Structures are given as C-alpha cells and as structure tokens.
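Below is one structure; the comments refer to it alone.
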There are 2 protein chains.
Amino acid sequence: MDTQVMAETADQKDPDKVEEWLCPMPDIAQIIGGKWKLIILQILIFGGTRRFNELRRMIDGVTQTMLTNQLRALERDGLVSRKVYAEVPPRVEYTATQRALDLQEMFQAMHDWWVKGEQDSAG
Amino acid sequence: MDTQVMAETADQKDPDKVEEWLCPMPDIAQIIGGKWKLIILQILIFGGTRRFNELRRMIDGVTQTMLTNQLRALERDGLVSRKVYAEVPPRVEYTATQRALDLQEMFQAMHDWWVKGEQDSAG
DNA sequence: GTATATAGTATCAAAAATGATACCATTGGA
DNA sequence: TCCAATGGTATCATTTTTGATACTATATAC
C-alpha cells in the first residue's frame with residue numbers, strides 16, 4: 001500500500017482491518033506482564049546469568065516469594081532457564097534464553113522512548 | 001568495553017553497573033501496563049482516531065467502565081487526547097498523541113518478536 | 001409516548017496479584 | 001553447639017485491579 005492516507009498516524013495499514021496487523025496483546029501481556037518480569041528480563045538479557053539472591057539484591061523491593069514466582073513463570077514461558085548446582089549452600093543460576101534475547105529490540109525501543117520523553121520534557 | 005566477554009548475552013555493557021543502562025521499568029509499567037492499554041494504544045497508533053464505542057466494539061471483552069478508566073489514565077499520561085463534540089448523542093474522539101506515536105518502534109519490535117516466536121515454533 | 005444511541009459516573013463485589021511470615025534442608029565456620 | 005548462607009515452599013492476609021450493575025442526560029426516530 002503506497003498511497004499516503006492517514007499521514008498523521010503510524011503508516012499505511014488498512015485502518016478497517018485492525019486484526020490483521022495487530023499482534024495479540026493479551027497474550028504478550030500474559031508473558032511479560034507482572035510487576036517484576038520486565039526488570040528481571042532486562043537484567044538477565046543485558047547483564048547475563050545471575051544467581052537467585054543476586055537478582056534479589058539487584059531488584060529493589062522484590063520479595064523472595066515474588067522473585068521465585070516470577071522466575072517460575074518466565075521459565076514456564078521459555079524466557080529463562082534455571083540451572084541448579086549440587087552444592088551446599090545451594091547455587092541456582094538463571095539465564096535468559098534465546099527467546100528472551102530476541103526481546104532486545106523491544107527493550108531498546110522502550111529505552112529509547114523513555115529517554116526521548118525525558119529529553120522532550122527537559123529541552 | 002570492546003573485549004568479547006559474555007558472547008551469549010546481549011552486548012558489551014558493563015554487567016556490574018546495571019542501573020546505568022536500565023530504564024525504570026516500574027515507571028514504564030505504570031504507564032503502559034494495565035489490561036487494556038497496549039491494545040488501545042495499538043489501535044489508536046496504527047489505526048488512527050476512534051470514537052469511544054468504536055473502541056469498545058473493537059476490543060473484545062472490555063467493559064465500559066474499564067475502557068473509560070484506561071483511556072483516562074492514558075490521557076493523564078499524555079498518550080491519548082480526547083475531543084468532545086457538542087452533539088447529541090455525544091461524540092467523543094480519542095487520538096494518539098505524538099508521545100504515543102513514538103511508541104511505534106516498541107510495538108513493531110513486540111510484533112516482530114511475536115511473529116518470530118510463531119515461526120520458530122512452527123518451522 | 002417510548003425506545004434508541006452516545007458517553008459517561010458511582011457504587012459495590014469479585015477476582016487476581018502481591019506481600020508477610022513461618023518453615024525446611026544442608027554444611028561450613030566460630 | 002549454634003549460627004549464617006542459600007534457595008526455596010506453604011499458608012494466609014492484604015492490596016490492587018477488574019467487573020457488574022444501576023443510573024444520568026438529551027435529541028432523534030418511531
């Protein structure tokens with residue numbers, strides 16, 4: 001579609017067939033929604049593998065219950081892998097999967113959006 | 001940092017200074033989190049201006065209460081503008097602001113991620 | 001005169017998400 | 001011997017989010 005309808009909006013998609021270009025936001029929200037998931041992912045994706053208590057210390061305000069809970073959900077959805085070492089005291093490492101690494105662009109876009117917002121309101 | 005540490009993770013940022021490259025996810029979640037916000041934004045950003053009941057019909061399962069609620073929040077956060085026409089029956093139009101249009105890249109990245117996931121699991 | 005469409009608000013109920021607390025196993029060190 | 005550290009789980013309480021319901025106003029069509 002190369003006609004310039006709707007110049008003010010995003011681009012040239014047919015405005016009457018929303019469902020064709022919409023991806024299922026409820027499904028996405030299910031996966032990356034949750035109070036701590038985005039920050040966990042950000043840390044693992046950009047910072048690399050971390051241990052459980054390491055994450056706990058990095059994430060301000062998270063409780064052990066919730067950290068476990070969110071990590072389990074991320075694991076179920078294939079975004080995080082969990083490796084248990086047979087040591088005492090226990091050592092458990094969490095790593096972003098390839099599927100999570102594929103979220104880099106989204107995080108980058110979020111980041112740029114956020115920074116732009118700060119610049120726009122400052123300048 | 002130009003040494004190739006952590007080849008498996010995203011890139012070359014210093015893993016010990018997470019807060020330097022992290023953008024505040026709680027703040028972002030505050031703005032675009034919520035059961036219906038992403039889908040509302042997607043419609044307004046890529047589909048253009050819509051009336052209240054038009055949105056209601058497009059968004060499966062949303063109640064009037066929640067649609068109002070989410071639109072008000074988006075308006076407060078500067079992502080949506082609301083225009084009331086002095087007509088009877090009332091006409092109210094909602095439009096994505098520039099700040100919302102700036103989210104296009106994020107939506108695109110989400111979309112690509114989703115599609116890639118479907119391809120990876122199919123192929 | 002009555003129903004219809006629009007775009008709401010107010011109130012309360014229900015459900016979902018989150019948090020607090022107590023508990024567990026193990027081993028090394030003081 | 002007792003405490004600390006790790007990475008949990010189970011249970012219950014609280015908070016937050018979401019939903020249902022009833023109500024509003026007004027012009028037009030029937």
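Within every chain, numbering begins at 1; the chains are lettered A, B, ... in the order of the sequence lines, protein sequences first and strands thereafter. Side chains are part of it too, since the values below use all heavy atoms of this structure and drop only hydrogens, waters and symmetry mates. Because the structure is a prediction, the values reported are computed rather than measured.
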Notebook entry, point to check: Mapping A:Val88 and A:Trp36 to their closest nucleotides on DNA chain C, which lands nearer the 5' end?
Noted result: A:Trp36

Next item on the list: Specify the residues of residues 59-80 of chain A, ordered by number, for which at least one heavy atom lies under 4.0 angstrom from an atom of DNA chain D.
Entry: A:Gln64, A:Thr65, A:Thr68, A:Arg72

Next item on the list: Determine the minimum heavy-atom distance between B:Lys37 and B:Gln30, stating which atoms define it.
Entry: NZ-O, 3.3 Å

Check: Is the backbone of B:Arg51 close enough, under 3.5 Å, to the side chain of B:Glu54 for a donor and an acceptor to pair up by distance?
Finding: yes

Notebook entry, point to check: Heavy atoms under 4.0 Å, any strand shown: does B:Arg82 hit a base, just sugar-phosphate, or nothing?
Noted result: sugar-phosphate

Margin query: Does B:Leu55 form a side-chain contact (heavy atoms from CB on, under 4.5 Å) with B:Val62? I'd like the steps, not just the answer.
Written below: CA-CA 9 Å; B:Leu55 286 172; B:Val62 75; over 6 Å; no

Checklist line | Worked check of side-chain contact (heavy atoms from CB on, under 4.5 Å) between A:Gln70 and A:Trp36 | finding: CA-CA 7 Å; A:Gln70 303 279 284; A:Trp36 310 102; 3.9 Å; yes

Notebook entry, point to check: Parallel, tilted or perpendicular for B:Phe107 and B:Phe46, by the 30°/60° rule?
Noted result: perpendicular

Item checked: Sidechain-backbone polar pair: B:Gln104 side chain, B:Leu101 backbone, donor-acceptor under 3.5 Å -> yes

Note to self: I need the B:Arg82 CZ to B:Leu74 CG distance, nearest 0.5 Å.
What the structure shows: 13.0 Å

Notebook entry, point to check: Do any side-chain nitrogens or oxygens of A:Tyr85 fall under 4.0 Å of OP1 or OP2 in C:dT26?
Noted result: no

Margin query: Rounded to whole Å, how long is the line connecting atom CD of B:Glu87 with atom P of C:dT6?
Written below: 12 Å

Check: Does the pair A:Asp112/A:Lys116 count as a salt bridge with the N-to-O cut at 4.0 Å?
Finding: no

Item checked: Start and end of chain B contact along DNA chain D [non-hydrogen atoms, under 4.0 Å] -> D:dT18 to D:dA27

Note to self: Tell me whether the NZ or CZ atom of B:Arg91 lies within the 45° cone about the ring axis of B:Tyr85 and under 6.0 Å from its centre.
What the structure shows: yes

Check: Is any side-chain N or O of B:Arg91 closer than 4.0 Å to OP1 or OP2 of C:dA7?
Finding: no

Item checked: Rounded to 10 degrees, the angle between the two terminal axes of the helix from C:dG1-D:dC30 to C:dA30-D:dT1, each from five pairs -> 20°

Check: Hey, is the main chain of B:Gly78 close enough, under 3.5 Å, to the side chain of B:Thr97 for a donor-acceptor pair?
Finding: yes

Checklist line | Options C:dT27, C:dA7, C:dA5, nucleotide nearest the side-chain atoms of B:Pro89 | finding: C:dA5

Notebook entry, point to check: Among A:Asp77, A:Leu79, A:Ile31, which one satisfies side chain to side chain contact (heavy atoms under 4.5 Å, CB included) with A:Arg99?
Noted result: A:Leu79

